[in-house]
4 protein chains.
Amino acid sequence: MARVPAAERRNDLVNAAIHVIASHGVEGATTRRIAEEANAPLATLHYCFHTKELLFEAVIERLTEQYREVLIENDVHGDVAATARGVLRGLLNWYLEGDPDLASATIELVSWAQRQKDHPAVSVYSEAFNVMRSILARAASGQEVAPETIDQIGYVVGALSDGFAVNWLTYADRSQAAEQAETIVGVLDAWLAANLA
Amino acid sequence: MARVPAAERRNDLVNAAIHVIASHGVEGATTRRIAEEANAPLATLHYCFHTKELLFEAVIERLTEQYREVLIENDVHGDVAATARGVLRGLLNWYLEGDPDLASATIELVSWAQRQKDHPAVSVYSEAFNVMRSILARAASGQEVAPETIDQIGYVVGALSDGFAVNWLTYADRSQAAEQAETIVGVLDAWLAANLA
Amino acid sequence: MARVPAAERRNDLVNAAIHVIASHGVEGATTRRIAEEANAPLATLHYCFHTKELLFEAVIERLTEQYREVLIENDVHGDVAATARGVLRGLLNWYLEGDPDLASATIELVSWAQRQKDHPAVSVYSEAFNVMRSILARAASGQEVAPETIDQIGYVVGALSDGFAVNWLTYADRSQAAEQAETIVGVLDAWLAANLA
Amino acid sequence: MARVPAAERRNDLVNAAIHVIASHGVEGATTRRIAEEANAPLATLHYCFHTKELLFEAVIERLTEQYREVLIENDVHGDVAATARGVLRGLLNWYLEGDPDLASATIELVSWAQRQKDHPAVSVYSEAFNVMRSILARAASGQEVAPETIDQIGYVVGALSDGFAVNWLTYADRSQAAEQAETIVGVLDAWLAANLA
DNA sequence: AATGAATGAGGCTTCATTCAT
DNA sequence: TATGAATGAAGCCTCATTCAT
């Protein structure tokens with residue numbers, strides 16, 4: 001079996017882990033399956049990560065980063081309402097049109113991570129929330145918006161996208177989900193309109 | 001160990017499974033742990049359910065039923081808006097104040113079930129949705145509300161409660177979650193106000 | 001593979017462990033090898049002992065018991081000198097003519113045990129020493145022998161038999177060892193004669 | 001990591017191996033641990049020794065040499081009895097006051113070596129015995145001592161020191177062992193007195 | 001009907017070793 | 001020469017399940 005540099009292998013393994021977690025769940029994501037998916041010998045997995053748990057943490061880091069990129073890419077640089085709307089749209093599209101593995105692995109890993117000793121799960125959420133807050137704060141700089149309101153908007157955007165994701169990953173019906181995404185955006189709009197008036 | 005009738009044992013085992021799934025995840029819910037939690041011999045688990053998968057399906061049935069009861073108990077028999085609001089409140093309270101095991105086991109099992117051959121996961125959602133629809137439909141009987149609107153309301157209530165749950169189970173901060181529940185209800189209110197006018 | 005009752009299996013496994021430790025050392029005594037030697041599935045080993053360490057402790061218990069039996073069987077019920085002599089002879093014969101696996105496994109395990117958390121190794125020695133002391137003490141009941149002397153005799157008998165064993169297990173030359181056994185007994189005799197006068 | 005000449009590395013590795021074997025046993029003496037203890041890259045171990053077995057043989061050579069030095073340093077150049085006594089004392093002190101790693105590694109390795117194909121273990125003993133014999137023979141040159149007697153004395157000195165060592169390494173109680181050393185020397189004295197008269 | 005006993009398959013990890021530079 | 005990187009084989013253990021009573 002051809003030797004492959006470690007950096008590349010680490011990358012392959014993280015990708016493989018994401019794929020396997022997405023399709024078999026955290027539960028079915030065994031080291032063997034992940035190594036096989038990455039076309040790597042089993043021992044290589046442990047050479048690169050030492051522990052399955054460490055691999056999963058690397059996966060979480062990757063997901064966190066992806067999530068952050070989605071947020072940043074969808075910053076429309078408008079006012080608060082438009083910005084919140086853009087970010088929510090971006091998230092829904094990420095779930096719908098991006099790599100579905102990333103989305104389902106995220107959902108899968110959140111509860112796994114929540115049971116780990118040092119709760120890396122919280123970091124995904126907190127990191128995501130921080131990025132969202134800074135985006136919204138910048139959008140609000142010209143307006144008179146209380147900091148608590150910013151946080152609240154961030155929470156609502158997050159909750160709406162999570163709620164959307166759970167349903168979408170359960171039914172896996174794309175056209176239905178596309179309609180639901182519109183509904184979800186409408187919900188945010190109505191709430192923003194009522195609260196930022 | 002005292003011999004216990006199978007019917008009772010089935011019940012004990014389902015309860016134990018819920019508890020174990022909630023605290024260890026689907027991943028950590030081994031037959032041994034479940035049997036031990038139920039104070040039952042390991043073989044009894046297989047005597048009662050033959051397969052771990054069958055036990056999990058029984059758990060899902062139980063959760064579905066619980067979910068339905070929550071919906072029904074929180075039917076305020078008012079107009080559509082009040083009813084949707086009541087149902088959402090009921091769900092949020094179920095997560096917040098009811099047996100937290102039930103709530104987290106539900107979230108845990110949804111993605112597990114989604115990966116099973118015959119998708120029992122969908123049944124939880126569909127069943128829940130059907131109940132919600134019938135409740136909302138009855139509430140709407142005196143008003144002029146399109147059937148699609150009813151479905152949409154059901155979807156939004158579900159998504160909001162799911163979004164709430166994911167965050168709550170991740171952070172497990174009760175007082176924060178209580179505030180967030182208010183926000184969530186506010187979101188529904190704004191949307192209903194804008195859409196049922 | 002035929003099912004075999006657990007008690008018998010535990011016994012088989014302990015015997016197999018002794019044999020494997022004797023021939024491959026603690027180092028080479030893998031669970032697989034032991035299970036194979038016992039004609040048992042690997043899982044059975046863990047069903048019967050849960051842990052390799054627990055199996056080894058059972059082996060140590062067995063060895064301790066054997067050692068004690070050797071001592072007791074060789075109690076000639078004479079005076080102190082004759083008794084000490086008889087016990088030493090018994091030990092040397094045990095090494096030479098008994099099951100050589102028992103003897104070498106004993107030597108092998110002593111240093112292993114010494115590195116374990118709760119030092120079961122010491123127990124082998126202490127137990128053996130206690131038995132020896134009580135045998136010698138009874139033999140000395142009619143004579144005027146200080147308790148410290150009894151302990152000292154016990155120590156010397158032990159040290160002589162250990163010294164003999166190390167050499168015997170190293171060279172594995174039976175006829176040479178038989179002569180050496182005579183020498184060792186002679187050493188004890190000389191020392192007893194000089195010290196019990 | 002600084003590149004270090006192979007000769008020095010060989011030395012470091014042998015020292016590290018002795019230390020690791022002493023504290024973790026042959027069983028726990030993995031190449032990684034040894035390399036780490038020697039502050040050497042893992043591959044260097046195999047570059048210097050090709051095989052773990054070859055490293056262990058080098059360790060045995062070193063131990064043999066040390067043992068020989070102890071014997072020679074403790075040659076009092078007196079008559080046979082005094083010389084035997086001096087050598088025994090030297091060995092007991094080596095165990096008690098010298099580097100305890102050396103002593104325990106010796107005991108550890110003897111049974112390991114005994115299981116190897118070409119029995120390097122025997123070489124330690126034989127070499128040690130030869131040295132002892134030549135020392136005793138020189139001491140006996142003025143006296144009338146049969147060659148078999150010389151061999152016997154060598155054997156007894158060896159057996160007594162081994163017997164002492166096993167107990168000392170098991171209990172690791174220095175003050176107790178110091179007393180026992182006196183006893184052991186007394187045993188030799190009594191035997192020599194009775195046999196060289 | 002109910003369960004203690006037993007097991008094949010597979011879990012994660014670590015070993016001594018070799019490759020490639 | 002000397003070593004970071006990589007790996008096949010084997011380590012211990014636990015899983016869901018089945019057997020025998």
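Scope of the values below: all heavy atoms of this structure, side chains included, with no hydrogens, waters or symmetry mates. Quick note on labels: first sequence line is chain A, next is B, and so on, each numbered from 1.
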Exercise for the section: Taking the side chain as every heavy atom from C-beta outward, state whether A:Phe56 and A:Val26 have any atom pair closer than 4.5 Å. Expected result: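 With C-beta onward as the side chain, the pair touches.
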Problem - Flag side-chain contact, heavy atom, 4.5 Å: D:Val110 against C:Thr170 - result: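 When only atoms from C-beta onward are counted, C:Thr170 and D:Val110 do touch, with a gap below 4.5 Å.
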[X] side chain to [Y] backbone, donor-acceptor under 3.5 Å:
X: B:Thr64; Y: B:Ile60; result: yes
X: B:Thr30; Y: B:Arg33; result: yes
X: A:Thr44; Y: A:Ala40; result: no

Problem - Presence of D:Arg33 side-chain N/O under 4.0 Å of E:dC15 phosphate oxygens OP1/OP2 - result: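 False: D:Arg33 side-chain N/O out of range (4.0 Å or more) of E:dC15 OP1/OP2.
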Exercise for the section: Respond yes when some side-chain nitrogen or oxygen of C:Arg32 is under 4.0 Å from OP1 or OP2 of F:dG11, and no when none is. Expected result: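 Yes, C:Arg32 has a side-chain N/O under 4.0 Å of OP1/OP2 on F:dG11.
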Give the rounded distance in Å between these two atoms: [atom1] of [X] and [atom2] of [N].
X: A:Glu36; N: E:dG11; atom1: CD; atom2: C1'; value: 15 Å
X: C:Ile34; N: F:dA10; atom1: CD1; atom2: C1'; value: 15 Å
X: B:Phe56; N: F:dC15; atom1: CZ; atom2: P; value: 13 Å
X: B:Arg10; N: E:dT3; atom1: CZ; atom2: P; value: 15 Å
X: D:Asn39; N: F:dT3; atom1: CG; atom2: P; value: 12 Å
X: C:Leu42; N: F:dC12; atom1: CG; atom2: P; value: 8 Å
X: C:Asp12; N: E:dA5; atom1: CG; atom2: C1'; value: 15 Å

Problem - Nucleic acid contacts of residues 44-54 of chain D, taken as heavy-atom distances under 4.0 Å to DNA chain F - result: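 When residues 44-54 of chain D is checked for heavy atoms under 4.0 Å from DNA chain F, the hits, listed by number, are D:Thr44, D:Tyr47.
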Handout entry: Neighbour count >12 (heavy atoms, 6.0 Å) for atom CD, A:Glu36
Key =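 No, the 6.0 Å shell around CD holds no more than 12 heavy atoms from other groups.
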Handout entry: From C:Asp12, C:Val20, C:Ile18, C:Leu13, residue fulfilling side chain to side chain contact (heavy atoms under 4.5 Å, CB included) relative to C:Glu37
Key =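 Of the listed residues C:Asp12, C:Val20, C:Ile18, C:Leu13, the side chain to side chain contact (heavy atoms under 4.5 Å, CB included) partner of C:Glu37 is C:Val20.
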Problem - Pair C:Asn15, C:Arg10: side-chain N/O donor-acceptor within cut-off below 3.5 Å - result: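 No, no side-chain donor-acceptor contact under 3.5 Å.
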Exercise for the section: Establish, from distance only, whether the side-chain atoms of D:Asn11 and D:Arg62 form a donor-acceptor pair under 3.5 Å. Expected result: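 D:Arg62 and D:Asn11 do have a side-chain donor-acceptor pair below 3.5 Å.
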Practice task
State which of E:dT17, E:dA9, F:dC13 makes the closest approach to the side chain of C:Ala43.
Solution key: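 Within the option list, the nearest is E:dA9.
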Practice task
Go through F:dA6, E:dT13, E:dG4 for me and flag the one nearest to the A:Arg9 side chain.
Solution key: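 So the nucleotide nearest the side chain must be F:dA6.
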Exercise for the section: Could you give me the CA-CA distance, side-chain angles and deciding distance for B:Glu108 and A:Arg115, then say whether salt bridge (charged side-chain N to carboxylate O under 4.0 Å, His left out) is met? Expected result: CA-CA 12 Å; B:Glu108 270 295 323; A:Arg115 276 191 308 275; 3.1 Å; yes
Exercise for the section: Counting Watson-Crick and G-U wobble pairs whose two distances are both under 3.5 Å, find the runs of 3 or more in a row that involve DNA chain E. Expected result: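 Detected stem regions: E:2-21 with F:2-21.
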Exercise for the section: Identify, residue by residue, the members of residues 23-31 of chain C with a heavy atom below 4.0 Å from DNA chain E, and return them in order of residue number, or none. Expected result: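 When residues 23-31 of chain C is checked for heavy atoms under 4.0 Å from DNA chain E, there are no hits whatsoever.
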Handout entry: Exercise: identify the closest heavy-atom pair between C:Phe49 and C:Val14
Key =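 Closest approach of C:Phe49 to C:Val14: CZ-CG2, 3.9 Å.
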